[in-house]
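Step one of this worksheet: look at the structure below.
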Amino acid sequence: REARLAAEAEAQRQRDAALAEQQQDEAARREADAVALQRQQETERQRAEALALQKQQEAEQAERRRAEALALQQREEEERLRLARQEEARRLAVQREDQARREAMELEARKQEEQTRRQAALQREAEERAARLAQEQAAREQAAREQAAKEQAAKEQAARDETARQAEAARQRERMAADSRPGEGERAEPLPRGLGGGGSLAARALDQVRRMDPSTLAARPAVPLPPLPENPRRYSLFGQPERDINLRMYVESWKMKIERNGNLNYAQSSKDRARGDPIVTVALRSDGSVEDVVINRSSGRPELDEAVRRIVRVNARYSAFPPEIARRFDVIEIRRIWNFDETLRILEEMR
């Protein structure tokens with residue numbers, strides 16, 4: 001019985017040991033399961049945290065993208081507004097420029113119109129002055145021709161009277177010679193020398209009187225041409241008043257063209273004050289072309305002297321010489337003072 005009890009006790013002990021081992025294994029398993037569960041939970045927590053972090057990052061990225069898109073949109077809007085303002089400013093600038101250009105053109109047109117009126121008035125005044133000078137010259141020439149015709153008629157009348165007197169004297173000598181001719185049987189004395197052929201002398205005198213036709217004499221030039229200079233093909237006009245009306249009118253026409261076109265094309269030069277008025281000699285050929293431009297006295301500013309040469313060259317060719325001038329001269333040298341005070345003026349030197 002004790003052995004049986006011992007065996008039962010041993011068996012019970014073994015069962016208890018097995019149970020304890022089983023319980024231990026179960027505890028170890030539960031602990032392992034708890035650890036695994038804890039690990040799984042930790043893993044899931046980490047995964048959840050990672051997912052939450054990823055979502056947060058994605059949300060932050062989305063927010064950044066939205067912010068960037070908004071900033072880009074704002075920049076584009078600002079750029080559009082800037083371009084719109086710039087375009088509006090450019091449009092307004094163009095409008096102001098167009099308005100200023102139109103106003104400048106209108107002002108220039110008014111200036112040109114005023115300049116044209118002044119030039120036309122000066123032209124009319126010069127033409128009237130030239131016409132008056134021409135009329136005065138024509139009147140003087142007509143008076144000179146009438147005076148010369150009167151003097152010539154007086155000379156012709158005196159010549160006719162002298163011829164008639166000589167013819168009458170010759171006839172008287174013939175009558176005296178006939179009265180003193182010897183009678184029949186008397187020897188004829190020779191007539192004094194110079195009385196022989198008196199009839200033919202009287203006839204020649206009367207024929208000479210008849211040939212003095214007043215219409216023929218009137219066709220002769222009554223006034224001699226003006227004397228030519230030392231060089232008959234070249235003439236220089238300086239400060240002295242020109243007496244030849246044709247030369248004066250030609251130089252006046254040349255002067256008016258220079259002043260008119262010089263003011264229109266080179267108005268800027270008149271705004272610059274020169275140190276002095278240049279003295280310029282312009283040599284013109286008979287066809288109106290320019291032979292030479294000589295600066296006798298500089299203005300002190302090379303660009304203004306060059307503007308003088310340019311004005312002369314640009315406005316060429318000038319009018320050809322009138323026939324009466326071209327018959328006498330090949331070249332005319334016009335020496336004048338060029339004044340750029342307000343507008344271009346061509347002045348004569350005071351001598």
Side-chain angles (χ1 to χ4, degrees), residues 67-131 250-280 282 284 288-290 293 295 297-319 334 336-348:
E68 290 175 356
L70 182 61
L72 179 61
Q73 183 179 2
Q74 185 176 359
R75 286 196 300 271
E76 290 177 350
E77 182 66 19
E78 291 176 354
E79 181 67 15
R80 185 184 65 79
L81 292 176
R82 186 185 67 81
L83 293 176
R85 288 192 297 269
Q86 184 177 358
E87 179 65 21
E88 181 66 16
R90 188 192 65 80
R91 186 180 63 81
L92 292 176
V94 170
Q95 288 181 353
R96 287 193 296 269
E97 184 179 354
D98 292 341
Q99 181 66 22
R101 186 182 301 110
R102 286 193 297 271
E103 292 176 355
M105 291 176 62
E106 291 175 358
L107 179 60
E108 183 65 23
R110 288 194 295 271
K111 287 183 178 178
Q112 293 286 351
E113 184 178 358
E114 181 64 24
Q115 183 71 16
T116 302
R117 285 198 297 268
R118 287 200 299 268
Q119 292 295 336
L122 291 175
Q123 178 74 21
R124 288 193 299 271
E125 182 180 354
E127 290 176 354
E128 292 173 358
R129 185 168 61 250
Y250 181 81
V251 173
E252 184 70 18
S253 173
W254 170 84
K255 168 189 169 184
M256 292 180 61
K257 180 176 181 180
I258 287 289
E259 290 178 342
R260 178 175 62 253
N261 297 332
N263 285 326
L264 293 177
N265 299 328
Y266 295 92
Q268 182 63 33
S269 299
S270 64
K271 299 178 182 177
D272 302 328
R273 294 298 183 265
R275 297 179 185 173
D277 293 334
I279 297 179
V280 185
V282 178
L284 299 178
S289 61
V290 178
V293 181
I295 306 296
R297 185 184 71 192
S298 174
S299 66
R301 297 184 56 179
E303 64 272 17
L304 192 59
D305 294 345
E306 182 60 29
V308 170
R309 297 187 181 93
R310 191 162 58 249
I311 289 173
V312 175
R313 300 292 184 187
V314 165
N315 289 287
R317 151 181 330 233
Y318 300 95
S319 300
I334 306 173
R336 292 292 185 268
I337 300 173
W338 289 52
N339 177 264
F340 285 91
D341 188 11
E342 293 298 335
T343 58
L344 174 59
R345 293 185 301 162
I346 308 297
L347 307 175
E348 294 182 356

Output all residues satisfying salt bridge (charged side-chain N to carboxylate O under 4.0 Å, His left out) with Arg91, sequence neighbours left out; order by chain, then residue number.
-> Glu88

Taking all non-hydrogen atoms of both residues into account, name the closest pair between [X] and [Y] and its distance.
{"X": "Ile258", "Y": "Trp338", "value": "CG2-CH2, 3.6 Å"}
{"X": "Ala89", "Y": "Arg96", "value": "O-NH2, 4.4 Å"}
{"X": "Pro278", "Y": "Val308", "value": "CG-CG2, 4.3 Å"}
{"X": "Lys255", "Y": "Ile346", "value": "CE-O, 3.2 Å"}
{"X": "Leu344", "Y": "Gly262", "value": "CD2-CA, 4.0 Å"}
{"X": "Ile337", "Y": "Glu348", "value": "CD1-O, 4.1 Å"}

Taking the side chain as every heavy atom from C-beta outward, state whether Tyr318 and Val282 have any atom pair closer than 4.5 Å.
-> no

Rounded to the nearest 0.5 Å, how far does [atom2] of [Y] lie from [atom1] of [X]?
{"X": "Leu92", "Y": "Glu97", "atom1": "CG", "atom2": "CD", "value": "12.5 Å"}
{"X": "Trp254", "Y": "Leu284", "atom1": "CH2", "atom2": "CG", "value": "7.0 Å"}
{"X": "Ile295", "Y": "Arg297", "atom1": "CD1", "atom2": "CZ", "value": "11.0 Å"}
{"X": "Arg260", "Y": "Thr343", "atom1": "CZ", "atom2": "OG1", "value": "13.5 Å"}

Check: Gln86/Arg90 side-chain N/O donor and acceptor closer than 3.5 Å = no

Distance-only side-chain donor-acceptor flag, Arg102 / Gln99, under 3.5 Å | yes

Is the number of heavy atoms from other residues, nucleotides or ligands under 6.0 Å of Gln73 CD greater than 12?
-> no

Checking side-chain contact (heavy atoms from CB on, under 4.5 Å) for the pair Glu103/Leu107: CA distance, chi angles, key distance, verdict?
-> CA-CA 6 Å; Glu103 292 176 355; Leu107 179 60; over 6 Å; no

For Lys257 and Asn315, indicate whether the former's side chain and the latter's backbone hold a donor-acceptor pair under 3.5 Å.
-> yes

Does any N or O in the side chain of Asp305 come within less than 3.5 Å of the main-chain N or O of Ser299, such that one atom is a donor and the other an acceptor?
-> yes

Could you note down all residue pairs passing salt bridge (Lys or Arg N to Asp or Glu O under 4.0 Å) where residues 69-78 supplies at least one of them, sequence neighbours left out?
-> Glu77-Arg80

